[in-house]
Amino acid sequence: MNIIRDMRNSNEQPTNQILQSNLSLVRQRWPEVLQSLEQAESPRSVVLFDETPEKSLQIDGILLASAYDRYREASIQAALIPYGSQNAWVYGFGLGDLPRVLLERLELRQLMVIMLNPSEVLESLRVFDHTDWLVDPRVSLLTEESEVWFPFAAVPASLALADGSSARLRDMVHLELSMPYVQEKQSENKERFSERIEGNEDFLLRDSDVAELFGCHNNGSVMVAGAGPSLKNHYELIRERHKKGSPLVAVDAALRPLVAAGIYPDVVVSIDGHADGLHALFQQLDSKSLSQTVLVYSPIIAREVLEFWSGRRFVAWTDSAYYNEFSIRYPRARLFSCGSVIHPAVDLAVKMGGREILLLGADFSFPGNRSHVDGCVLSSTRQQSEVRHWVLNGRGEKVPTIPNLRGYLRDLERYIRQHPEVSFFNGSLEGAAIEGAVYWGDRS
Amino acid sequence: MTDTVWIEELEAAAIAFRLGMEAQGCQRLGRFVDALLPLLSGISGEKLVSLNGVLSETLAAQGRKDYLWAADLLEYEIAPLLKRIL
């Protein structure tokens, strides 16, 4: 399809007039936004689609709006905002179509448009006239937002182009947008998990309630080991702190690598009912050597794991609404989880009484293109080409990840915000930076 | 699967992509391809080549997270083409 024109190579630049009239309005209404536009970096490529049914713009390979029917597309997006809403939030800028469609609603009193990348906005302002909607007194153009507000709709292209400073917000928007999909998946698993719980009922009735572990280490320091690649850099630190009495709570996938390093966690947490091969995480381990290690588990895990475990076992429900019914039949304490085993591991560390939580191997990404710590059966090399998503690491560099891990990270950050009484530390600069967790090397 | 499943999946994928619902869009796109494959056995070589070209472009757009272009190709190129040839 020969419909595109690379504006970088074209002598026929769009007139400055469009940009100037857009910027003049921005200057007048939102001087702070103008400042951020002035500092915007140039995109690698800007391509105008001007032979398609509708004009559109592609920045760094991402089309900002439909090249066939922009109004229809914006109407589909606007449908996420219920009719009758007086306030609405739009995440992303695009070609301004979504705000335009929403402003047709007479009942709308305030429309907040959040920019996720100033260079995307600047290129859009350079080529397309936005004055028709930017002039509307109901519109606020915002640069720095850290929350997802409701009701909202998003411009997908802006999410894909979000810069480093908007990455956290982008991920939270994605989390919200993925909720219907997650709920659909959960309901698909419902029957399977119910069967698992019934199959594990004898253990469920016999084993202790995780609540018995709560408060066992009041006001102490607790280490939490995830199975991220950076865990291997912390074995010495773990040994040292373990000797000094700091308990180690490990996720199931970290157990084998830890044991191989001669480290026996105090607690192992296992909650994954999806992974049929979960018990492989425990293969080649000597069950007897783990007799002093406690297993905290969700009753949906594979029965083989429960049969294998020689140490004490404690039952916990995770806090998904899905378990409400079961937790009435089998009352056991609940642990926070939004899908990742690191969540209940951290929550348990806090409920044990930890007031200082040190996160080790909680990478939420693939530093060194590795998926897990060496020695974990799940560990694999991720080719750069197969990883399209990223988060910022502790050094402010982009590090590859996948949407699930990115979502788990933002859920953990939300949990951390809800626990100001606890000091969280991140042992690594290689994995994702975790908001609210100070780098261990920088602790005062 | 019936021979209309492909259009339902195609439309659902395009809508999800336009809403920014990545996971849903990718899932429905996969289902669209699965529903389409058994229907292609009787299609002539030339038509298959043009379909292959635009499908490859769609998957490439999905791969670089260019979801709105992927949605455009699905709705405005692939759907009309399939309606003509199937």
Side-chain angles (χ1 to χ4, degrees), chain A residues 1 3-4 47 49 52-54 56-70 72-80 91-92 94-95 97-98 152-162 170 173-182 184-185 385-386 388-389 402-404 407, chain B residues 1 5 7-35 46-84:
Chain A
M1 255 166 273
I3 49 171
I4 55 179
V47 176
F49 281 42
T52 38
E54 294 246 35
S56 190
L57 199 61
Q58 192 190 52
I59 295 178
D60 292 345
I62 308 291
L63 192 68
L64 297 194
S66 172
Y68 288 78
D69 192 341
R70 286 168 46 186
R72 174 178 170 266
E73 176 175 88
S75 302
I76 290 168
Q77 293 161 348
L80 290 184
Y91 291 92
L95 299 184
D97 301 323
L98 179 53
F152 81 86
V155 179
S158 304
L159 295 174
L161 290 167
R170 169 203 65 192
V173 171
H174 272 306
L175 266 182
E176 295 300 336
L177 288 171
S178 67
M179 281 316 284
Y181 177 79
V182 171
E184 189 190 316
K185 287 274 147 204
S385 56
E386 62 174 306
R388 310 192 304 269
H389 303 270
I402 51 174
N404 281 7
Chain B
M1 288 204 181
V5 171
I7 187 79
E8 288 162 24
E9 297 297 343
L10 176 149
E11 284 169 1
I15 299 264
F17 283 150
R18 294 200 194 283
L19 289 170
M21 296 176 175
E22 281 183 355
Q24 229 162 356
C26 294
Q27 182 194 46
R28 301 309 283 267
L29 181 59
R31 287 186 192 167
F32 158 67
V33 174
D34 288 344
E46 199 182 315
K47 286 171 183 164
L48 213 51
V49 168
S50 60
L51 177 65
N52 191 35
V54 70
L55 259 179
S56 302
E57 194 179 345
T58 306
L59 294 175
Q62 179 209 9
R64 63 173 184 269
K65 296 190 281 181
D66 188 7
Y67 295 120
L68 300 181
W69 185 231
D72 272 355
L73 292 173
L74 284 168
E75 289 189 298
Y76 300 107
E77 299 291 336
I78 294 175
L81 180 63
L82 285 176
K83 281 175 187 166
R84 280 199 306 274

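The sequence lines fix the lettering, A, B, ..., with proteins before strands; numbering per chain opens at 1. Computed from a prediction, not measured in an experiment: that's the story for all the values here.
Looking at residues two or more places apart in sequence or on another chain, you find a side-chain contact (heavy atoms from CB on, under 4.5 Å) between V182(A) and S178(A), Q186(A). Take S66(A) and apply the side chain to side chain donor-acceptor pair (under 3.5 Å) test, not counting sequence neighbours, and it matches D72(B).
Atom CG of D69(A) is separated from atom CD of E73(A) by 8.5 Å, given to the nearest 0.5 angstrom.
E176(A) does not touch chain B: none of its heavy atoms, backbone or side chain, sits under 4.5 Å away. When heavy atoms are compared at a cutoff of 4.5 Å, Q24(B) approaches chain A by way of both its backbone and its side chain. Neither the backbone nor the side chain of A71(B) comes within contact range of chain A; no heavy atoms are under 4.5 Å apart. For chain B, the nearby part of L80(A) is the side chain; its heavy atoms alone come within less than 4.5 Å. Only the side chain of R72(A) comes within less than 4.5 Å of a heavy atom in chain B; its backbone stays farther off. Looking at L64(A), only its backbone comes within 4.5 Å of chain B, counting heavy atoms on both sides.
Chain A forms the most heavy-atom pairs under 4.5 Å with one residue out of E75(B), K65(B), M21(B), and that residue is K65(B).
Between Y76(B) and Y68(A), the ring planes are parallel. Angles under 30° get that label, and only those over 60° would be called perpendicular. Between Y91(A) and F152(A), the ring planes lie perpendicular to each other; the angle is over 60°, past the 30° to 60° tilted range.
Of the residues K83(B), R84(B), E77(B), the one that meets the side-chain contact (heavy atoms from CB on, under 4.5 Å) test with P80(B) is R84(B).
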